[in-house]
Number of protein chains: 2
Amino acid sequence: MTAKINSKGRGRPRGFDVDAALGTAQALFHEHGYDAVGVAAITEALGINPPSFYAAFGSKAGLFEQVLERYSACALPLEDILAPGRPPAEALAELLAAAARLYAADPHTTGCLVLESARASGDPHSAAKAQALKAASRDYVRAFVARTHAGMADLVADYVVSMMSGLSAGAREGWSAERLGAVARLSAPLLAAMLA
Amino acid sequence: MTAKINSKGRGRPRGFDVDAALGTAQALFHEHGYDAVGVAAITEALGINPPSFYAAFGSKAGLFEQVLERYSACALPLEDILAPGRPPAEALAELLAAAARLYAADPHTTGCLVLESARASGDPHSAAKAQALKAASRDYVRAFVARTHAGMADLVADYVVSMMSGLSAGAREGWSAERLGAVARLSAPLLAAMLA
DNA sequence: ATGAATATGTAATGAGCGCTACATAATACG
DNA sequence: CGTATTATGTAGCGCTCATTACATATTCAT
């Protein structure tokens, strides 16, 4: 096993910034999808050659998993929006509003990378990883609701995740942030009624 | 231009049923997606060779367009459910319920073929066709609502289409018809309030 | 029968895919 | 210094993809 203490090894130093490369790859995957982005496109965007790519990331699927985790870690701050003790209806309404804002923020990276990657296209292993991350987010919502409204937790979590998937699909077709926000806002009274 | 009067031409008769082949291709595309289904898989499933395939359908993209139109024509009877004169809130609620039922009816062909194909993956022309069909359905919903509630038509149509996309995404991950139906049913009071 | 028209089977084409051998360059340790 | 270690550049691997030449088979019209 390679120890991979990257900071200062013995050999030739790496000629490119790995973190910046992850960001570039994330943008490419987000804009065009996993299947449509080839290794050649990534190496060309990074100004490197295939061997450097494989030495750093192992494989295209491996890079994509890193990108997925990087995205889901900092894209939407679930921990902040769904803070324990907060009125659940209000928190979930803001979650949908934040999603609508985020999904249409950059016209090059519309929608949610995780939700849009959770399809059975191309590599099944990568799609399974995205589906696992989506399920984890759903469980996070479910647990947040269950603290105050145990009986409604599953149903509410399914509804919120479904609406987020719908917002992501709309964003991918070019719907504006205002248009998505208007749709997201419709769920607020519904959530308030369910979580009275 | 080839006249294409297929019924009785002069040459050698076709050795397979074109309509049945369209159905087989529809099932393959629906289960695995456009990119994941190669021409080889289709010809093998049909028991024919590539030249017969191209003589009958022109290209993979051309076949997919035919499949998309075939699906959107008979998958969900919009004209019946959204019959003019029907109470709009009730009709739209049934539309969502019917979608939930349809999307999880066959475990091999989950979700909506049109909505799931409306992503920018692989061939951009095919994705554009699916997006056009999705937009057409949205406009159909919009026109139905506008007959009685002109001011709410756009917003309601966006909401309904977004929820259908969310239901389709859930179906693709194996959610049962009951689970999808429970989510769909939540929108009924919301629609009733909007279209009072 | 003869020829025009259409479909089929065999086999291959060029392009792109993810990925890798191999030699070379650049660094750290002894 | 020499040597081990790591990264890079060049070039190409085997594979799958959608698509097609080409000759052959089967039908209709004359």
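These figures come from a predicted structure and were not determined experimentally. Proteins come first, then strands; the chains are lettered A, B, ... in the order of their sequence lines, and each starts at number 1.
- A cation-pi arrangement is absent between B:Lys60 and B:Phe53 under the rule of less than 6.0 angstrom and at most 45 degrees off the ring axis.
- Atom CZ of B:Arg10 is separated from atom P of C:dA7 by 13 Å (rounded to the nearest Å).
- Between the CG atom of A:Asp35 and the P atom of C:dG18 there is a distance of 9 Å, given to the nearest Å.
- Among the atoms of the strands shown, only primed sugar atoms or phosphate atoms (P, OP1, OP2) are found under 4.0 Å from some heavy atom of A:Phe16.
- Straight-line distance from the CZ atom of B:Arg14 to the C1' atom of C:dT6: 9 Å, rounded to whole Å.
- B:Val39 comes within 4.0 angstrom of a base, heavy atoms only.
- Aromatic rings of A:Tyr140 and A:Phe144 (six-membered ring for Trp) have centroids beyond the 6.0 Å cut-off, not under it.
- Side-chain contact, B:Ser187 with B:Tyr159: a donor N or O sits under 3.5 Å from an acceptor N or O.
- Between the P atom of D:dT19 and the CD1 atom of B:Ile42 lies a distance of 10 Å, rounded to the nearest Å.
- Counting only N and O atoms by type, the side chains of A:Glu65 and A:Ser126 include no donor and acceptor under 3.5 Å apart.
- Mapping B:Gly15 and A:Tyr34 onto DNA chain C by nearest heavy atom places B:Gly15 at the nucleotide closer to the 5' end.
- The B:Arg12 side chain lies nearest to D:dT26 when the options are D:dT26, D:dA18, C:dA28.
- Listed nucleotides C:dT20, D:dT19, D:dG9 differ in distance to B:Lys60; the shortest reach to its side chain belongs to D:dT19.
- Between B:Ser52 and the phosphate of C:dT8, there is a side-chain N or O to OP1/OP2 separation shorter than 4.0 Å.
- Atom-to-atom, CG of B:Asn49 to C1' of D:dA21 comes out at 15 Å; the value is rounded to the nearest Å.
- Residue contacts for B:Pro13: at a heavy-atom cut-off of 4.0 Å it reaches the sugar-phosphate backbone alone, with no base atom in range.
- Spacing between atom CD1 of A:Ile48 and atom P of D:dT10 amounts to 13 Å, rounded to whole angstrom units.
- When rounded to the nearest whole Å, the span between CZ of B:Phe53 and C1' of D:dT19 equals 10 Å.
- What separates CG of A:Leu46 from P of D:dG9 is a distance of 12 Å, to the nearest Å.
- Across all strands shown, A:Pro51 has heavy atoms under 4.0 Å from base atoms, whether or not it also approaches the sugar-phosphate.
- Residue B:Tyr54 places at least one side-chain N or O under 4.0 Å from the OP1 or OP2 atom of D:dT19.
- Nearest-nucleotide mapping onto DNA chain D: of A:Gly11 and B:Gly11, the residue sitting toward the 5' end is A:Gly11.
- Taking 4.5 Å as the limit, some side-chain heavy atom of A:Leu102 sits within range of a side-chain heavy atom of A:Leu76.
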